[in-house]
Amino acid sequence: MKRSPYFFSFIAVIFIASFFSACTESIIEPPSNLFGTSFYPLQKGHFTEYSVEEIIYKEFVPTDTSRYFLREENGDTLTDLTGGLIQKVFLYRRYDSLQNWALDSVWNIRYDFNRVVKTEHNTPFIKMVFPLKSDLTWDGNALNQFESETYEVSDFRKSYEQFGSTLRITHRSDSS
């Protein structure tokens, strides 16, 4: 059986093409539910509303209580000096549900390696770290000048009312 002189050249070309196509570099992103990033969505237009009761206790001064509504809404995405993405967060406030929302301030938020960093009034706070799990703790003030404050995850992936998977992050449990 006589083979064509081009047969081995053809096989060599196929082998080399296969070798180089197998060596291409690509980035494979892990699914967000694997690490818990779905618990802190950063899509433009996503918002969270809070009903706030703020009680201020001071010695020898009557207690000061204020109630209001707060809305955090994700805005446009920007690029920082390192090429990372930063999301604007618009903070709105109103004192009753009949009022229009009034812009209070603009913060920003970003995924920074394995954590969510929210900058509030030019001060960065680590709000969440990944991968999430129960009893996970971290210093929320590791990126600023304030004293260390421990954040802790509990009730990870427990269902609550209409939500199938929730978690609790305790920032400060202060009863004084």
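Only heavy atoms go into these numbers, but all of them, side chains included; no hydrogens, no water, no symmetry mates.
- Not counting sequence neighbours, E161 has no partner by the salt bridge (charged side-chain N to carboxylate O under 4.0 Å, His left out) test.
- Atoms NZ and NZ, on K118 and K127 in that order, are 6.0 Å from each other to the nearest 0.5 Å.
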Worked verdict on D112 versus R115 for side chain to side chain contact (heavy atoms under 4.5 Å, CB included): CA-CA 5 Å; D112 183 23; R115 58 193 177 191; 3.1 Å; yes

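- Put simply, Y50 and I56 are part of two different groups of oily side chains (I, L, V, M, F, W, Y) that touch within less than 4.5 Å, one to the next.
- In this structure, NE2 in H171 is found 13.0 Å from CD in E152, a value given to the nearest 0.5 Å.
- In the hydrophobic clustering of this structure, I126 groups with L167; members are Ile, Leu, Val, Met, Phe, Trp, Tyr whose side-chain heavy atoms approach within less than 4.5 Å, directly or through other members.
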I'd like to know whether L42 forms a side chain to side chain contact (heavy atoms under 4.5 Å, CB included) with Q87, so could you lay out the CA-CA distance, the side-chain angles of the two residues, the decisive distance to 0.1 Å, and finally the verdict. CA-CA 7 Å; L42 293 184; Q87 181 106 38; 3.6 Å; yes

Can you check side chain to side chain contact (heavy atoms under 4.5 Å, CB included) on F69 and Y92, steps first, answer last? CA-CA 8 Å; F69 297 96; Y92 298 95; over 6 Å; no

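- The distance from atom CZ of F125 to atom OG1 of T119, rounded to the nearest 0.5 Å, is 9.0 Å.
- Atom CG of D80 sits in a crowded spot, with more than 12 heavy atoms from other residues, nucleotides or ligands closer than 6.0 Å.
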The test is side chain to side chain contact (heavy atoms under 4.5 Å, CB included); show your working for L132 and F156 and say whether it passes. CA-CA 8 Å; L132 287 167; F156 183 57; 3.5 Å; yes

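- Side-chain heavy atoms closer than 4.5 Å link hydrophobic residues (I, L, V, M, F, W, Y) into clusters, and following such links, possibly through other members, connects V89 to V52.
- Residues I169 and W138 form a side-chain contact, since some pair of their non-hydrogen atoms from C-beta on lies under 4.5 Å apart.
- At least one side-chain heavy atom of L70 sits less than 4.5 Å from a side-chain heavy atom of L91.
- Remark: S66 engages E54, Y68 in a side chain to side chain contact (heavy atoms under 4.5 Å, CB included) (not counting sequence neighbours).
- Using a 4.5 Å heavy-atom threshold, the side chains of Q99 and R93 count as separate.
- Note: F130 and Y111 have perpendicular aromatic rings, judged against thresholds of 30 and 60 degrees for the angle between ring planes.
- The CZ atom of F47 sits 11.0 Å away from atom CG of N74, with the distance rounded to the nearest 0.5 Å.
- Each of I109, L143, I86 was checked for a side-chain contact (heavy atoms from CB on, under 4.5 Å) with V117, and the lone residue meeting it is L143.
- Between H121 and W107, the ring-plane angle classifies as perpendicular under the 30° and 60° cut-offs.
- The 12-atom threshold is not exceeded at CD of E59, counting heavy atoms of other residues, nucleotides or ligands nearer than 6.0 Å.
- Here E73 does not pair with K44 in a salt bridge; the nearest charged N to carboxylate O distance is not below 4.0 Å.
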Show the numbers, then the answer: is there a side-chain hydrogen bond (donor to acceptor under 3.5 Å, both in side chains) between S148 and N141? CA-CA 6 Å; S148 176; N141 288 340; over 6 Å; no

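- When all heavy atoms are compared, the tightest approach of D155 to R168 is OD2-NE, 3.2 Å.
- In this structure, T166 contributes its side chain and K158 its backbone to a donor-acceptor pair below 3.5 Å.
- With D139 contributing its side chain and E149 its backbone, the two residues share a donor-acceptor pair below 3.5 Å.
- Using a 4.5 Å cut-off on side-chain heavy atoms (C-beta onward), T137 and Y151 make no contact.
- Between R67 and Y95, the closest heavy-atom pair is O-CD2, 3.6 Å.
- Between the side chain of N108 and the main chain of K88, no donor-acceptor pair closer than 3.5 Å is present.
- The nearest pair of heavy atoms linking D96 to L98 is OD1-N, 2.8 Å.
- In terms of modelled atom types and a separation under 3.5 Å, the side chain of N144 and the main chain of P124 share a donor-acceptor contact.
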